[in-house]
J.: 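To start, I am sharing the structure in question, which I have written as structure tokens.
Given the structure is predicted, the values throughout are model-derived calculations rather than measurements.
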Amino acid sequence: MCGVVGIVSSEPVNQALYNALTVMQHRGQDAAGIVTWSDENGLKMRKSNGLVRDVFRNRHMLNLDGNVGIGHVRYPTAGGSKSSEAQPFYVNSPYGICLAHNGNLTNHDELAGLLIREDRRHLSTSSDSEVLLNVLAHELQTRVNGKLTTQNVFDAIEALHRRCKGGYAVVAMIIGFGVVAFRDPNGIRPLVLGERDRHGRKSTMVASESVALDVLQYSRLRDVKPGECVVIENDGTFHCNAYTGEVRHTPCIFEYVYFARPDSILDNLSVYKTRLRMGEELAGKIVREFPDHDIDVVIPIPDTSRTSALQVAYHLGVKYREGFIKNRYIGRTFIMPGQAERQKSVRRKLNAIDLEFRNKNVLLVDDSIVRGTTSKQIIKFAREAGARKVYFASAAPPVRYPNVYGIDMPAASELIANGRTVEEIEALIGADRLIYQDLHGLIRSVRHGNSDITEFDTSCFSGEYVTGDVTSEYLHELEQRRNDAAKAQHQSKRDRESNVIAL
């Protein structure tokens, strides 16, 4: 999962891009990058591993001049955790194109082979984002004879959609032309359009979440439609083109469960409202399964589950309390690369308030349970703080299957719910009772505000992959390549190579 942003303005965009990436930092903590363009000074880029505040210093910001630019925050799903795979990526032919991408291509290997053998293009990383960039560059190059036109871009994106499979939301900058934004034909990954008019000076912006628009005082226009291509020329002229192929709008439901900020609106759905309804649905499930409950207090596991936990407490008629204090200087454990790092971070991240647990029967509410590491440790914290009983509720159904569209759940063997019953999971995490949300309840919670969306990508819960190209062989190969053990082995190899270079 990553965050992307693109801005075409009548004034410098460097600070605006920085601010947008800062408020989307929750979407990726591994690397950040910004690229800008000006007629006077050309292309300027800064990208590196680390948080936004660490990657960009004052000298970098001063260098990023221009009224057109794109930005990216990343955490590694495909590819690795290294600075060479920080985005945006760049190719110099044709015109010079920079690209930032959120999502994952399910036919990455096939495309990479075709690009090398048939399109005669060179790939320098293992990132599917570089593959996307080179597909776009190739399709543009085969269509342009002379001056680049908006129709050339639309035709190139149509061809890209026919070649690329998976979930992707993309912003690209074509040097001297403008910013291009597009979304996969299933609309799996989010992309939102906004505009701002200050004294007749218009600016247009596209970002992964509407909160980035809000912070920069842009009005949210609408979401980029599935398969749609949007072009914003350097002079601010706006164009859009609907995809002529098959479109099936199935946004990722996990955005609403965990990834997106609660103050965002994605696909015309309020993330905050969906999480309120998740709490209502979960409370109903608890009442049905545990009618004679002896819960004294409901405590959320900060931060994402707070909204749902409030509603659970309200509908159960019990107290809501904040029982854990979060160290805000520790990042989101879910998107940290490697299980060992996630385990170490839980203890550093949360501390229990003993008074809220001592001699009480506590219901802990979390947004989801993925690997189970955090849940098990938090239940242990609650018992150490003096809780008599610790019940655990998840606002999402059991995560039983890999996600292949840009969320780091590639290995089924690392998912605690894969192949296990609720009772077995309950025993593994050490809960006195475990209650999961039902999938139909989750869908009802999210869909409520937008009847135009009839289905979602629920693959990590249901095992049904909306792009129709995900086979058991593909999932097996993906697991071998991207499980935590493989990532640790790759990281160790890179560390050894770095030491050799340093010596």
Side-chain angles (χ1 to χ4, degrees), residues 1-7 14 16-36 43-61 63-64 69-91 97-105 108 123-134 167-173 189 207-209 212 259 261 329-338 341-342 345 406-408 410 482 484 486-488 490-495 497-498 501:
M1 187 65 61
C2 302
V4 300
V5 59
I7 301 176
N14 52 358
L17 290 168
Y18 177 93
N19 291 343
L21 295 182
T22 300
V23 299
M24 292 193 294
Q25 186 76 82
H26 60 284
R27 300 187 67 85
Q29 300 166 184
D30 180 66
I34 290 175
V35 59
T36 60
L43 184 74
K44 298 295 179 67
M45 180 183 291
R46 166 63 181 171
K47 61 179 183 175
S48 185
N49 279 5
L51 300 176
V52 174
R53 69 184 182 217
D54 299 322
V55 170
F56 302 101
R57 301 296 184 182
N58 189 54
R59 65 183 185 277
H60 304 130
M61 297 300 295
N63 188 52
L64 291 166
I70 63 174
H72 187 264
V73 286
R74 175 182 187 265
Y75 93 104
T77 48
S81 177
K82 51 185 178 179
S83 59
S84 65
E85 296 186 359
Q87 298 183 37
F89 284 127
Y90 170 76
V91 290
I97 307 171
C98 303
L99 179 142
H101 160 229
N102 172 31
N104 186 59
L105 298 182
H108 164 264
L123 300 176
S124 58
T125 74
S126 59
S127 172
D128 58 339
S129 304
E130 189 187 13
V131 168
L132 254 174
L133 171 59
N134 278 275
Y168 49 90
V170 175
V171 292
M173 185 173 70
R189 301 267 68 90
S208 292
E209 292 191 31
F259 267 103
R261 274 181 44 153
Y329 300 97
I330 300 292
R332 302 181 94 178
T333 52
F334 177 87
I335 64 176
M336 287 181 174
E341 185 61 28
R342 286 187 289 267
S345 292
I407 298 177
D408 193 18
R482 286 169 52 191
D484 279 341
K487 288 178 183 176
H490 294 325
Q491 185 63 51
S492 176
K493 180 181 178 182
R494 285 194 296 271
D495 290 344
E497 290 171 349
S498 297
I501 292 170

J.: Once rounded to the nearest 0.5 Å, what's the spacing between atom OG of Ser208 and atom NE2 of His26?
T.: 8.5 Å
J.: Which pair of heavy atoms, one from Val170 and one from Leu99, lies closest together, and at what distance?
T.: CG1-CD1, 3.5 Å
J.: For the atom pair CG (Asn14) and CD1 (Ile7), what is the distance rounded to the nearest 0.5 Å?
T.: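 Rounded to the nearest 0.5 Å, the CG-CD1 separation comes out at 9.5 Å.
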J.: Closest heavy-atom contact between His101 and Gly167?
T.: NE2-O, 4.0 Å
J.: Could you state the interatomic distance from CG (Leu105) to CD (Glu130), rounded to the nearest 0.5 Å?
T.: 12.0 Å
J.: Distance-only, no hydrogens or angles: does the Gln25 side chain make a donor-acceptor pair with backbone N or O of Val52 under 3.5 Å?
T.: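 Side chain of Gln25 to backbone of Val52, a donor-acceptor pair under 3.5 Å: yes, one is there.
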J.: Is there side-chain contact between Ile407 and Tyr75, with at least one heavy-atom pair below 4.5 Å?
T.: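 Result yes, sub-4.5 Å side-chain heavy-atom pair found.
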J.: Give the minimum heavy-atom separation between Gly406 and Arg189, together with the two atoms involved.
T.: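 Nearest heavy atoms, Gly406 then Arg189: N-NH1, 4.3 Å.
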J.: Measure the OG1-CG distance between Thr22 and Leu17 for me, rounded to the nearest 0.5 Å.
T.: 10.5 Å
J.: Scan side-chain atoms only and decide if Ser127 and Glu85 contain a donor-acceptor pair under the 3.5 Å cut-off.
T.: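 On atom types as modelled, these side chains do not qualify, holding no pair under 3.5 Å.
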J.: Check Leu123, Asp128, Val91 against Leu133 for a side-chain contact (heavy atoms from CB on, under 4.5 Å) and give me the one that passes.
T.: Val91
J.: Nearest 0.5 angstrom please: His72 NE2 to Leu21 CG, how far?
T.: 9.0 Å
J.: Identify the heavy atoms of Glu209 and Phe259 that sit nearest to each other, and give their distance.
T.: OE2-O, 4.0 Å
J.: Minimum heavy-atom separation for Cys2 to Asn102, with atom names?
T.: N-OD1, 2.9 Å
J.: Minimum heavy-atom separation for Val35 to Pro88, with atom names?
T.: CG1-CG, 3.7 Å
J.: Mind checking the CD1-CE spacing from Ile97 to Met173? Nearest 0.5 Å is all I need.
T.: 11.0 Å
J.: Would a 4.5 Å heavy-atom cut-off, applied to side chains only, mark Leu64 and Tyr18 as touching?
T.: no
